[in-house]
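The chains referred to below are lettered A, B, ... by the order of the sequence lines, with proteins before strands, and numbering in each begins at 1. Please read these numbers as outputs of a predicted model, since none were measured by experiment.
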Amino acid sequence: MNYWLMKTEPDVFSIDDLYNKPKKTEPWDGVRNYQARNFMRDEMKKGDMVLFYHSNAKAETGVAGVAIVAKESYPDFTSWDKKSKYFDPKSSEDKPRWFMVDVKYKKKFKRIVTLSEIKENKRLKDMRLIQKGNRLSILPVKKSEFDEILKMSEK
DNA sequence: GCCAACGTTGGC
DNA sequence: GCCAACGTTGGC
């Protein structure tokens with residue numbers, strides 16, 4: 001099993017929004033970065049665990065909870081929907097360029113594990129999230145890092 | 001709102 | 001294939 005961190009802006013789609021979806025499940029659409037796409041297309045498997053990260057948050061930036069991969073990658077249909085803001089003329093139903101997975105709500109932390117706490121925790125110093133210049137919206141996480149963040153959320 | 005650190009596009 | 005210009009991400 002693999003572990004991941006997925007970023008979302010809570011103003012756009014928060015952990016509460018995921019909770020309120022039918023079946024608490026939602027397609028992770030709109031990823032338009034090749035590295036992030038490749039993670040979803042090639043490596044994310046059903047049952048993988050996801051740290052649900054609130055970026056650019058008005059309140060607190062950090063990990064807000066846990067989700068689980070509910071469906072493995074399939075073409076991101078918003079990429080050939082002309083009305084979608086994620087429309088990409090180079091993607092088609094015949095030749096999809098972009099892919100997504102479905103994620104399902106697992107739990108909301110009692111409190112946000114903030115980015116600054118993560119930076120301060122020596123056990124998390126190698127997390128790709130806090131490497132310089134990292135802007136990837138989907139990142140692999142080690143099991144030890146995943147467990148550490150879970151532990152921090154309980155404190 | 002600013003801006004550093006990217007990634008992408010397109011002319012050549 | 002190079003690289004300048006442009007667009008985006010995301011912390012602050």
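Pairs passing the salt bridge (Lys or Arg N to Asp or Glu O under 4.0 Å) check and including a residue from residues 5-22 of chain A, sequence neighbours excluded, read Asp11(A)-Lys58(A), Asp16(A)-Lys108(A), Lys21(A)-Glu26(A). A ring-ring contact (aromatic ring centres under 6.0 Å, His included) check over residues 107-131 of chain A, counting only residues at least two apart or in different chains, returns nothing. Applying the salt bridge (Lys or Arg N to Asp or Glu O under 4.0 Å) definition to pairs two or more places apart or across chains, those involving residues 75-100 of chain A are Arg32(A)-Asp76(A). Annotation: ring-ring contact (aromatic ring centres under 6.0 Å, His included) contacts involving residues 61-81 of chain A, sequence neighbours excluded, are absent.
When the salt bridge (Lys or Arg N to Asp or Glu O under 4.0 Å) test is applied to Lys110(A), the partners found at least two apart in sequence or on another chain are Glu154(A). Asn33(A) is linked by a side-chain contact (heavy atoms from CB on, under 4.5 Å) to Gln35(A), Ala36(A), Leu136(A), counting only residues two or more places apart in sequence or in another chain. Not counting sequence neighbours, the partners of Asn2(A) by the side-chain contact (heavy atoms from CB on, under 4.5 Å) test are Trp4(A), Asp48(A). Residues satisfying the side-chain contact (heavy atoms from CB on, under 4.5 Å) criterion with Lys122(A), sequence neighbours excluded, are absent altogether.
Listed by residue number, there are no residues of residues 85-96 of chain A with a heavy-atom contact under 4.0 Å to DNA chain C.
Between its opening and closing five pairs, the helix from dG1(B)-dC12(C) to dC12(B)-dG1(C) changes axis direction by 10°, a value rounded to 10 degrees.
Within the hydrophobic cluster formed by Ile, Leu, Val, Met, Phe, Trp and Tyr side chains joined at under 4.5 Å, directly or through other members, Trp98(A) is accompanied by Tyr34(A).
A perpendicular orientation is assigned to the rings of Phe13(A) and Trp28(A), their planes being inclined by more than 60° (bins at 30° and 60°).
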Practice item. Using a 4.0 Å heavy-atom cut-off, write out nucleotides 6-11 of chain C from 5' to 3' as B (base contacted by protein), S (sugar-phosphate only) or - (no contact). Key: -BBBBB
